[in-house]
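Just so you know, ligand 1 is whichever comes first in the structure, and atom 1 is the first atom listed for that ligand.
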Amino acid sequence: MPMFGPIRPAVYRVKLGGFEVTTILDGAVQLDGPAGTYGVNQPEADVKKFAADHLLPENKIENTFTPVIINTGREVVLLDTGNGAPRRPDAGKLAATLDIAGLKNDQIDIVAITHFHGDHIGGLMESGIPTFPKARYVVGQAEYDFWTNKDRLSGPTEANAKLVQTNVVPLAEKMTFIKPGDDVVTGITSLDVSGHTPGMLAFNIESQGKRLVVTADTVNHYVMSLERPEWHVRFDMDKEKGVETRKRILDMLATDKVPFSGYHMPFPSIGYIERAGDGFRWIAHTYQLRV
Ligand SMILES: [Zn+2]
């Protein structure tokens, strides 16, 4: 037999009350790290040792991207859009993967965005054409105001602000601008998780007494972000506020014992948070939402 190469699942679906929650793997990239990305305020040797102690490579990390689709029965809501096919060779597969989930691009009614980093807005448009032709959009007002301020078009924010100009701004007339606490639709309510970006939103999903929190980028590594939430993360624009928000959300998830989906958690990206020592531990979802 010829070798086929590695294979991994890319679609996962659970029921949540009267809703269906589908997670889709947009792709995965392998990067240098964890030192330089996680624990940037720690000695490099400590970060490497921490990785090795947790049976992780010392010099490589993988980052995965997981948009979430909620079918409420009334509308199909997509939370974040992945990288977009042209942007990354091994990611940007959301649109191409939808049919495995039984969905077509024109069946997405609403696209809600947690924050405007490229791996979340990259899939809004492909080659200047909206990927989800019948969708309307829901975005945070604070996030939109931050990234569309012309001061962002130079300095460290330049590349991402330009992507906002090509992928987000052209869709503005179909957008609803919300603040933390506002609903996307009944059963999907936004929460303030600013820090990683100035206006990042999480979403509390609730149906018939069942609850799941979509945490966006508050926790980006299933070991490091949880066991060492105080470690600074390169991707957090405000590092200290990132820490504060991460601890607050982890504490809420551990206290409420509710499942969550984190955009960069290991696919299928649904799990629970357990307290462990001074930090927390990731418990992957198995059958909790199936019985
Ligand atoms: Zn991200």
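Counting only protein N, O or S atoms, the number found under 2.8 Å from the Zn ion (ligand 1) is 4.
Evaluation of the side-chain contact (heavy atoms from CB on, under 4.5 Å) rule for P6 yields no partner, not counting sequence neighbours. Taking F65 as the reference, H264 meet the ring-ring contact (aromatic ring centres under 6.0 Å, His included) condition, with sequence neighbours excluded.
Residue S225 holds its OG atom at 5.5 Å from CE of M265, rounded to the nearest 0.5 Å. Of the inter-residue distances, the one linking Q42 atom CD with E230 atom CD reads 7.0 Å to the nearest 0.5 angstrom.
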Side chains of residues 252-263: which donor-acceptor pairs under 3.5 Å do they make with residues two or more places apart or in other chains?
residue : atom : partner : partner atom : Å
T255    : OG1  : D251    : O            : 2.7
T255    : OG1  : R275    : NH2          : 2.6
D256    : OD2  : R211    : NH1          : 2.9
D256    : OD2  : R211    : NH2          : 3.3
S261    : OG   : S269    : O            : 2.8
S261    : OG   : S269    : OG           : 3.3
Y263    : OH   : G82     : N            : 3.1
Y263    : OH   : D119    : O            : 2.5

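In this structure, R152 forms a cation-pi arrangement with F146, its terminal cationic atom sitting closer than 6.0 Å to the ring centre and no more than 45° off the ring axis.
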